[in-house]
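So the structure is just underneath, and the comments pick up after that.
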Amino acid sequence: MCGIVGYIGERKAYPILIEGLRRLEYRGYDSAGVALLSEKSLEIYKEVGKVADLEAIVPDKEHFQTLGVAHTRWATHGEPTQENAHPHSSVSQDIVVVHNGIIENFMLLKRRLLDDGYSFRSETDTEVIVNLIESECKKGKVGLETAVNKALQQLHGAYALAVLSKSQPNKLIVARKGSPLAIGLGKNNAEFFVASDAIPMVEYTQDLIYLNDNEVAVLERGKKVEVKDIHGKSKNYKVKHIELDRNMVTKGEYEYFMLKEIFEQPETLANTIFSHLSEKEDTIYFEGLEKLKKQLSEARRIVIVACGTSWHSGLIGEYLIEELARVPVEVEYASEFRYRNPIIRKGDIVLAISQSGETADTLAALRYSQKQGATTFAICNVYGSSMAREADFVAYTYAGVEIGVASTKAFTAQVAVLSLLAVAMGLENKVLEKKRAKELMKELRVIPELVQKTLQQDFDIENVAKDFLDTTSFLYLGRGVNFPVALEGALKLKEVSYIHAEGYPAAEMKHGPIAMIDENLPTLIVGTNEAYYEKIVSNAQEVKARKGTIVAVVNENDKELSAIADYVMKVPEVDDFLQPIIASIPLHLFSYHVAVMKGCNVDQPRNLAKSVTVE
Ligand code: F6R
């Protein structure tokens with residue numbers, strides 16, 4: 001949610017910043033801006049729209065400056081306009097700030113600054129921050145660093161900030177509370193990169209410092225990074241060496257990241273599964289599992305907290321863990337959980353699921369649970385993310401960088417980790433027979449191959465999609481472990497194609513949604529589970545009896561449901577509990593094709609941003 005890039009060093013800053021913005025565009029894309037600073041000049045360019053729109057207005061000149069900051073925005077305070085776009089500068093035009101996050105007390109601070117004679121050009125909370133820094137500089141006759149600290153002490157809310165000043169053209173100051181920020185280290189402290197995540201920096205460095213909350217760093221050419229708290233006290237920091245494959249951050253031969261990421265699933269699932277399951281022996285491995293095992297077997301219950309797609313994988317986790325490990329599971333929307341005074345006690349395990357590891361509500365739910373004495377366990381995709389660092393235990397999903405705003409490969413990787421976790425817990429708790437556990441592990445090992453096979457139906461699914469471009473609403477039904485698959489399928493369709501879609505447990509249809517069924521409301525039925533097959537066939541009959549069109553996801557040897565359905569998408573047969581991964585693939589492809597044929601930008605759906613770091 002909003003992307004920040006910064007550079008200070010010896011190279012020209014502009015190309016680094018623009019390319020960085022392009023890589024961060026998935027975080028927000030309603031406007032963009034860049035500020036370039038040298039001893040002689042400060043230039044600021046901002047434009048509504050995409051990074052390409054910004055580039056189009058930047059005059060074609062040398063851009064020799066070696067210090068700069070840039071921003072791609074997802075609007076919070078004020079509409080996407082040029083005035084509201086970042087960077088924001090102070091009244092005197094001396095100080096410049098780019099910001100990701102929300103300042104909750106900005107109105108109060110703004111009123112104070114207005115009383116002191118400051119004026120504002122935008123409606124943003126960020127313009128308040130930059131003027132607050134300036135007012136602290138002037139009031140206290142202090143330098144930039146102290147003024148930044150004094151301003152930060154007054155802010156309530158979340159921020160990742162990069163600050164520069166015309167009067168200190170050799171310094172870039174960055175700070176973080178609640179929103180992510182990483183510093184990339186160049187060789188011999190000659191240059192520094194700053195970004196909301198590692199992606200814009202992979203080209204230049206793999207050595208990163210991830211700032212913690214309430215930390216401020218001053219970056220100066222030739223000097224070692226200094227990290228302090230907001231009161232100026234020095235803090236120790238660790239440099240993390242990360243290895244990111246550059247191919248992961250480019251589209252390659254694909255038109256969209258979403259399609260690339262859908263097709264990467266055989267590989268990402270193999271990476272995820274074989275990072276936690278031995279290829280030959282039946283051992284499941286999670287870092288720290290030995291320690292966690294005892295707590296898992298003694299857990300009174302597991303509470304899963306997550307948002308959006310990750311919440312859907314949490315629901316699948318509930319079916320898996322309760323069935324295979326017999327531990328009670330509750331699944332909570334993190335945003336509700338954190339504000340409703342939930343009962344969490346020592347002995348509970350709180351499992352936070354998040355692709356980004358930065359989602360504000362999930363992070364807050366995790367922190368709350370830690371305070372209540374629960375053991376926290378994060379399933380994250382982004383290495384070094386806040387949740388991964390703060391949870392007591394972490395299991396990574398190894399899906400690689402996910403850039404498409406609609407989550408696909410991260411979702412199936414989460415489900416794979418949850419499947420392995422459920423099997424490991426079942427064995428540990430001695431409630432899952434060894435024979436059944438072995439069978440599940442055997443099937444998990446072939447999941448990547450089966451996903452590959454499912455992807456071969458892309459062309460057929462595209463043909464099905466063609467018939468639904470004028471559809472305005474869709475019902476998605478599933479039962480058991482495929483109910484959350486239906487929810488996720490519906491979410492994917494509405495996110496990328498803007499077609500209204502609603503996921504429902506198939507049996508619940510009779511309690512309301514059936515009223516809507518007629519020839520204009522198609523129903524997609526996820527009908528792959530053996531356990532409920534007869535029941536789902538009856539649900540399909542009920543839809544047909546009301547002239548509803550049916551698209552069915554079925555096993556490859558299916559007969560009955562296929563005979564009733566108008567359209568069929570076939571998937572290879574696997575154990576019921578591993579169905580969600582396979583059954584999700586046609587739903588990903590279906591949403592993708594409907595949306596692309598409707599002319600939607602599936603990588604950057606309107607109003608959405610990846611990594612929701614504000615509440
Ligand atoms: C949907 C989607 C979102 C995220 C949600 C949580 O395709 O991607 O619903 O799942 O914003 O994000 P993470 O998993 O990063 O916590």
Side-chain angles (χ1 to χ4, degrees), residues 1-3 26-28 74 100 178-180 196-197 199 256-259 261-262 265 272 304-317 331-338 350-367 376-388 390-391 394-397 399-415 417-418 476 484-485 487-498 501 503 584 587-588 590-592 595 600-615:
M1 196 146 271
C2 293
Y26 69 92
R27 299 180 71 92
W74 184 88
N100 168 20
S179 299
S196 303
D197 62 40
I199 301 172
Y256 286 102
F257 277 108
M258 182 176 175
L259 191 62
E261 288 162 5
I262 293 173
Q265 288 178 100
T272 304
I304 298 181
V305 289
C307 300
T309 290
S310 298
W311 185 77
H312 295 152
S313 69
L315 287 180
I316 295 171
V331 188
E332 299 260 7
Y333 280 118
S335 53
E336 288 298 316
F337 172 89
R338 63 178 290 200
V350 174
L351 179 53
I353 306 178
S354 174
Q355 187 285 128
S356 61
E358 301 292 350
T359 300
D361 286 321
T362 313
L363 184 58
L366 183 142
R367 288 176 178 161
T376 54
F377 183 11
I379 296 181
C380 289
N381 193 43
V382 177
Y383 179 78
S385 57
S386 301
M387 282 178 229
E390 293 186 29
V394 58
Y396 282 106
T397 41
V401 180
E402 192 179 63
I403 290 182
V405 166
S407 185
T408 53
K409 61 176 183 171
F411 170 71
T412 49
Q414 288 168 348
V415 178
V417 166
L418 287 160
Y476 277 60
V485 173
L487 289 181
E488 174 57 12
L491 175 67
K492 219 80 307 167
L493 186 70
K494 58 189 156 199
E495 274 184 296
V496 296
S497 74
Y498 318 135
S584 295
L587 304 191
H588 290 164
F590 181 67
S591 303
Y592 171 82
C600 305
N601 178 347
V602 292
D603 282 347
Q604 296 173 354
R606 69 181 179 213
N607 304 337
L608 291 178
K610 206 163 181 73
S611 189
V612 183
T613 52
V614 297
E615 291 177 40

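The shown structure was predicted, so the numbers you read here are calculated from the model rather than taken from an experiment. When a ligand or atom number is given, it counts from 1 through the structure's own listing order.
From H312, atom NE2 reaches atom SG of C307 across 11.0 Å, with rounding to the nearest 0.5 Å.
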_Steps toward side-chain contact (heavy atoms from CB on, under 4.5 Å) verdict (Y592, Y256)_ = CA-CA 10 Å; Y592 171 82; Y256 286 102; 3.4 Å; yes

*Could you walk me through whether H588 and T412 pass the side-chain contact (heavy atoms from CB on, under 4.5 Å) test, one step at a time?*
CA-CA 11 Å; H588 290 164; T412 49; 4.1 Å; yes

_Run V350 and L366 through side-chain contact (heavy atoms from CB on, under 4.5 Å) and show every step you take._
CA-CA 7 Å; V350 174; L366 183 142; 5.8 Å; no

*In sequence, state the C-alpha distance, the side-chain angles, and the governing distance for T309 and E488, and then conclude on side chain to side chain donor-acceptor pair (under 3.5 Å).*
CA-CA 6 Å; T309 290; E488 174 57 12; 3.1 Å; yes

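Among protein heavy atoms, atom 16 (O) of ligand 1 sits closest to T359 OG1, 2.5 Å. Protein heavy atom at the shortest distance from atom 2 (C) of ligand 1 is T309 OG1, 3.6 Å. Remark: minimum distance from atom 15 (O) of ligand 1 to any protein heavy atom is reached at S356 OG, 2.6 Å. Residue, atom and distance of the protein heavy atom nearest to atom 11 (O) of ligand 1 are V612 CG2, 4.0 Å. Residue, atom and distance of the protein heavy atom nearest to atom 5 (C) of ligand 1 are C307 O, 3.7 Å.
If you look at E358 next to ligand 1, there are no close heavy atoms at all, none under 4.0 Å.
Ligand 1 places these atoms under 4.0 Å from at least one heavy atom of K492: 1 (C), 7 (O). Annotation for ligand 1: atoms under 4.0 Å from non-hydrogen atoms of A406 are 7 (O). When each atom of ligand 1 is checked for a heavy atom of S354 under 4.0 Å away, the hits are 13 (P), 14 (O), 15 (O), 16 (O). Those atoms of ligand 1 that come under 4.0 Å of a heavy atom in E495, given as number and element, are 1 (C), 2 (C), 7 (O).
Ion pairing between K409 and E402 fails under the 4.0 Å rule for side-chain N and carboxylate O.
Between the side chain of N381 and the backbone N or O of G400 there is at least one donor-acceptor pair closer than 3.5 Å.
Checked by distance only, ligand 1 and Q414 stay at 3.5 Å or farther apart across all their nitrogen or oxygen atoms.
Using a 4.0 Å cutoff on heavy atoms, H312 does not count as a contact of ligand 1. Ligand 1 lies out of reach of N381, whose nearest heavy atom is not under 4.0 Å from it.
When side chains are defined from C-beta on, Y333 does not count as touching D361, because their heavy atoms never get closer than 4.5 Å.
When the options S310, S313, S407, A410 are ranked by their closest heavy atom to atom 8 (O) of ligand 1, first place goes to S407.
Residues passing the salt bridge (charged side-chain N to carboxylate O under 4.0 Å, His left out) test with E495 are K492, sequence neighbours excluded.
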